[in-house]
Amino acid sequence: MDIPPKFKSQEIEDKWYQYWIDNQYFRSIPDAREPYTIVIPPPNVTGVLHMGHMLNNSLQDILIRRARMKGFNACWVPGTDHASIATEAKVVAKLKKEGIEKSDLSRDEFMKHAWEWTHEYGGVILDQLKKLGCSCDWDRTQFTLNDNLSASVIKVFVDLYQKGLIYKGYRMVNWDPEAQTTLSDEEVIHEEKQGLLYYINYPLAEDEGSLTIATTRPETIFGDTAICIHPKDERFTMLHGKKAIVPIVGREIPIILDDYVDPAFGTGCLKVTPAHDPNDKALGERHQLEVIDVFHPDGRLNEHAGDWEGEDRFVARKSFIKALEKEGFLVKKENHINNVGTSERTKAVIEPRLSDQWFLKMETLAEPAIKAVLESEEVALLPKKFKNTYRHWMENIRDWNISRQLWWGHQIPAYYYGKGKNDFVVAATQDKALSLAQEKTGNPKLTVADLRQDEDVLDTWFSSWLWPISVFDGVVHPENEEVNYYYPTQDLVTGPDILFFWVARMIISGYELRQKPPFEKVYLTGLVRDKQGRKMSKQLGNSPDALGLIDTFGADAVRVGLMLSTAAGNDLLFDESLCQQGKNFSNKIWNAYRLIQSWEVSDHSLSPAADVALEWYENSFNRALEQVEDHFSKYRVSDALMTLYKLVWDDFCSWLLEAIKTPDNSIDILTKTRVIALFENNLRVLHPFMPFLTEELWHFCGTRTPNEALVISQWPTPAPFDKKLLDDFDQIQQLIGAVRKFRKEKNIGFKAAIQLHVINDKTPWNQYESLLKQLGFIENFLYESPSDSQMGGTFRVGGAEFFIPLEGRIDVDAERQKLEEELQYAQGFLQSVEKKLSNERFVNNAPKQVVAIEKKKAADAVLKIRVLKESLAKLMQ
RNA sequence: GGGUGUUUAGCUCAGUUGGUUUAGAGCGCUACCUUGACAGGGUAGAAGUCAGCGGUUCGAAUCCGUUAACACCCACCA
């Protein structure tokens, strides 16, 4: 068989993915096995694969593939999210390009466009996940606007409404003037921005003079309905009970007293605009102030703004200040850093706005979810540091604004039958709503035509928070077999940026709906940054093209590159060279196989060297496997991979294969069989990380039926290993290293024969003689000290000293220097150990083991020093 | 303003309840090595006052305090 020397990942990836799909290895249906379930964090339906997706989906795939091989019924549920605001924004932008305004369309027409868009671009990201190798059960693919998921959302809304947990309220909410919808607090990003603080004079109404206020938002002056001062502020006692006049506007407003005002800030006088600031609104309520909203929904000023009507708020700010300046009302401007809220999606500056919205009461709902993470640990957050963040948010949780003034989403199932604000009923269907409305009004003649459904849709996260239950249809049919089998799921892998948006709320809904957590472990990945530590973003253009990377390096290589750099919760600085490392590793494994398969079987008897090396590798593998299991149990995926990387590259390739290979490329059948078996075990443990390469090689190793594919093969069972054997071999490796170094220092050719005297022998070197000879390092072992007149060089490995004769080649000075350096180090070391041992408190207080170890260290050091001194003395003769 | 975390070799990071460590890995770097698995390779090597200061302890990269830099989260002071 002719196998090319370079591994071309791209040529085999599609083949094997199709093979896995055709044989339904990823399909999961409930059976007698124990389930292992992951639900995917559903990406935005119109999204494209980026580095963050690659990272957390690679992780999920590693976990799920390993679980599958360990005999679990592995089920990874894929799907997408309708992403209300993001998708709607994209559709609106696309329509605008075509010359169509959203306002020109009816709701139905718009929805048609949105669905078209979704069908055209939707799910592209899922195909991209297949390129990465993700082993999702595609028959289970879900979308948050599918009928069954929509039914779940509506049912939950109705149920929570009936429980009194959902209510409608006139509240100050976060308004995104660009998307023209409200946002939840979590969707608002606060940024510190350099701004200006304007000092403006307000003339007094009945008296001479004026007062000065300080504001960052002069354009809201049109909505001023009071000036507020601190009741105990003695500077302003004379203003008590007076009135002021809003400059330019000319309106007379009262001066009120409230200790909310901080006398130290600005001038101590605060202009009160109840329609446009949450604090002012609270003040307004306490003092029964008028509320004047001065903005249109798109952020332009409205009819209250006089000459400024129709101007954008930020344009108006500047022009209005000019007017104030001209009229002499502006006192001064000062630099001021303020916190500006912006929309997570549109980046527009958020406007606090009063409006009717739907809310979900969170406080009591959150209680079991708090306990689950902080007390019972039914849900574990990894890394643990996120528990604090979680606690802080959950304990200060506020009601969730769940309505959005958008069309793309789940329309709120509230039906109005009259003009009044509260003339509505909440029901899952129109029919049900009608009968409820008839009942409530006592009017049996009410018809469907009299009902008007609420225009708003629900926040996207109001469907995502049900995801682990709704994908198994567990909301509408809580006792169905699937949800009982798969729920709770095991692991969730996602980014910490959606800890509150999503993770916390899923935990809440899990306890509310099923009295059980949605998952056991939450693995929070870090953010993917570029190698300069910057966040990857479109604007910076520093985000590599995910599919391009797969194309260049191969999916396995990219997965390895990503995994090598990530510990849970730590951000990772991504550098393409990591993918190159992954590619090199793929190639190394590929070539290891090429060597093995090239061996011609001979009737040689098993070589003693090969036997020793094989036995050693079997033990080494089991040690590595134990470490890998330990790393996985702690979700240290990166460490698990590194352990395997070293096992395969160093132990398998550099030691085992080097020890076995023969000059004539022939080998006995027994050895070859054993090596292949070991190589296959390597493939098994590597498979979750590098699924394509390993499956390809697996099928090279033998003829495999679909029932014998690697993807469904058995994960090796951890077996005990002989530590003594591994330690002895470690000595051998050190000896070989020392001989290589010796040759190099003394300029002795790699192939020149040397005799090795073992001077004080402790290790059973002779057991390994055949191996050492095989590796071509040593001609002969001599278990005797050289004669006194013999010239040569010495070196030490552990407690043993070695001597290699070197006729006339010895450099006495160099040798002495080397010995002196070693001696110095050994003496320094001994000194530090002796210092410890001579300390009575150490000997009395430290554990016995530790003292024993220190004593052994001291004894070894003493011995070594004596040997070194002897050698030195001999050298000086 | 409150909170959390980070700071160990040129880079990215380990170091698990303080003691087998006068500190480890991978990559990179330096020198040497190519006719058979792989130059996407091999062998050897150099490289760190564990951010600074103070403390606890027989013993500190590890615990405590403090300072500094950076990162992230939360927060309605105009």
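Keep in mind that this is a model prediction, so the values were computed, not measured. Order of the sequence lines sets the chain letters (A, B, ...), proteins ahead of strands, with each chain counted from 1.
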Asks: It should be established whether A/Lys6 places a side-chain nitrogen or oxygen under 4.0 Å from OP1 or OP2 of nucleotide B/rA39.
Replies: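 For B/rA39, OP1 or OP2 has a side-chain N or O of A/Lys6 closer than 4.0 Å.
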Asks: Give the nucleotide from the list B/rC74, B/rA37, B/rU43 with an atom nearest to the side chain of A/His392.
Replies: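 Between B/rC74, B/rA37, B/rU43, the one nearest the side chain of A/His392 would be B/rC74.
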Asks: From the options B/rC77, B/rG41, B/rG45, select the nucleotide whose nearest atom is closest to the side chain of A/Trp649.
Replies: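 Nearest to the side-chain atoms of A/Trp649, counting from C-beta on, is B/rG41.
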Asks: Nearest of B/rU20, B/rC72, B/rG40 to any side-chain atom of A/Asn584?
Replies: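 Ranking B/rU20, B/rC72, B/rG40 by closest atom to the A/Asn584 side chain puts B/rG40 first.
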Asks: Check if the side chain of A/Asn339 and the base of B/rA75 share a donor-acceptor pair of N or O atoms closer than 3.5 Å.
Replies: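 For A/Asn339, whose side chain was compared with the base of B/rA75, there is a donor-acceptor pair (under 3.5 Å).
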Asks: For B/rA23 and B/rA47, measure between their P atoms and round to the nearest Å.
Replies: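 12 Å, rounded to whole Å.
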Asks: Give a yes/no answer on whether the side chain of A/Arg636 brings an N or O atom under 4.0 Å of OP1 or OP2 in B/rG15.
Replies: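 Indeed, a polar side-chain atom of A/Arg636 lies that close.
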Asks: Let's test this: given Watson-Crick or G-U wobble pairing with both distances under 3.5 Å, identify the partner of B/rG41.
Replies: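 Partner of B/rG41: B/rC33.
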Asks: Looking only at the side chains, is there a donor atom on one of A/Glu187 and A/Ser184 sitting less than 3.5 Å from an acceptor on the other?
Replies: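 Looking only at side-chain atoms, A/Ser184 and A/Glu187 do form a donor-acceptor pair, the distance falling under 3.5 Å.
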Asks: In terms of the nearest nucleotide of RNA chain B, which residue is placed more toward the 5' end: A/Ala738 or A/Asp185?
Replies: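 Going by which nucleotide is closer to the 5' end, it is A/Ala738.
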Asks: Heavy atoms from C-beta onward define the side chain here; which of B/rA78, B/rG40, B/rC58 lies closest to that of A/Phe842?
Replies: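 When the side chain of A/Phe842 is considered, B/rC58 is the closest of B/rA78, B/rG40, B/rC58.
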Asks: Please determine whether a side-chain nitrogen or oxygen atom of A/Arg743 lies at a distance below 4.0 Å from atom OP1 or OP2 of B/rA44.
Replies: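 No, no such contact exists.
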Asks: Which of these nucleotides, B/rC13, B/rC38, B/rG26, is closest to any side-chain atom of A/Asp650?
Replies: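 Closest nucleotide among those given: B/rG26.
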Asks: Looking at the side chain of A/Phe7, which of B/rG40, B/rU4, B/rA37 is the nearest nucleotide?
Replies: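 Looking only at heavy atoms from C-beta outward on A/Phe7, the closest nucleotide is B/rG40.
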Asks: Could you tell me which non-hydrogen atom of A/Met172 sits nearest to which non-hydrogen atom of A/Asp277, and how far apart they are?
Replies: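 In this case the closest contact between A/Met172 and A/Asp277 is SD-C, 3.3 Å.
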Asks: Of the nucleotides B/rG15, B/rC58, B/rA37, which has the atom closest to the A/Arg841 side chain?
Replies: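 Among B/rG15, B/rC58, B/rA37, the one nearest the side chain of A/Arg841 is B/rC58.
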Asks: Which of the following nucleotides, B/rG40, B/rG42, B/rA44, is nearest to the side chain of A/Lys588?
Replies: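 Shortest atom-to-atom distance from the side chain points to B/rG42.
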Asks: Do the charged groups of A/Glu186 and A/Arg505 touch, with an N to O distance under 4.0 Å?
Replies: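 Yes.
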Asks: Between A/Glu395 (side chain only) and A/His392 (backbone N and O only), is there a donor and an acceptor less than 3.5 Å apart?
Replies: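 No: the side chain of A/Glu395 does not pair with the backbone of A/His392.
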Asks: Taking the minimum atom-to-atom distance to the side chain of A/Leu657, which one of B/rC73, B/rC38, B/rA37 wins?
Replies: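 The answer is B/rA37, which lies nearest to the side chain.
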Asks: Is there ring stacking between A/Tyr825 and B/rU22, where the centres must be under 5.5 angstrom apart and the planes under 30 degrees?
Replies: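 Base of B/rU22: stacked against A/Tyr825.
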Asks: Please check this pair: side chain of A/Arg559 against backbone of A/Phe689, looking for a donor-acceptor N/O pair closer than 3.5 Å.
Replies: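 Such a contact is found between A/Arg559 side chain and A/Phe689 backbone.
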Asks: Quote, to the nearest angstrom, the P distance that separates B/rC74 from B/rU12.
Replies: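 Taking atom P in both B/rC74 and B/rU12, they lie 26 Å apart.
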Asks: From the set B/rA71, B/rU21, B/rG19, return the single nucleotide nearest to any side-chain atom of A/Lys857.
Replies: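 Nearest nucleotide to the side chain: B/rU21.
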Asks: Does A/Lys836 contact B/rC58 through a side-chain donor or acceptor facing the base, at a distance under 3.5 Å?
Replies: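 Looking at the base of B/rC58, it does not pair with any donor or acceptor on the side chain of A/Lys836 (distance under 3.5 Å).
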Asks: Below 4.0 angstrom from OP1 or OP2 of B/rA78, is there any side-chain N or O of A/Tyr260?
Replies: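 For A/Tyr260, the contact criterion (side-chain N or O under 4.0 Å from OP1 or OP2 of B/rA78) is not met.
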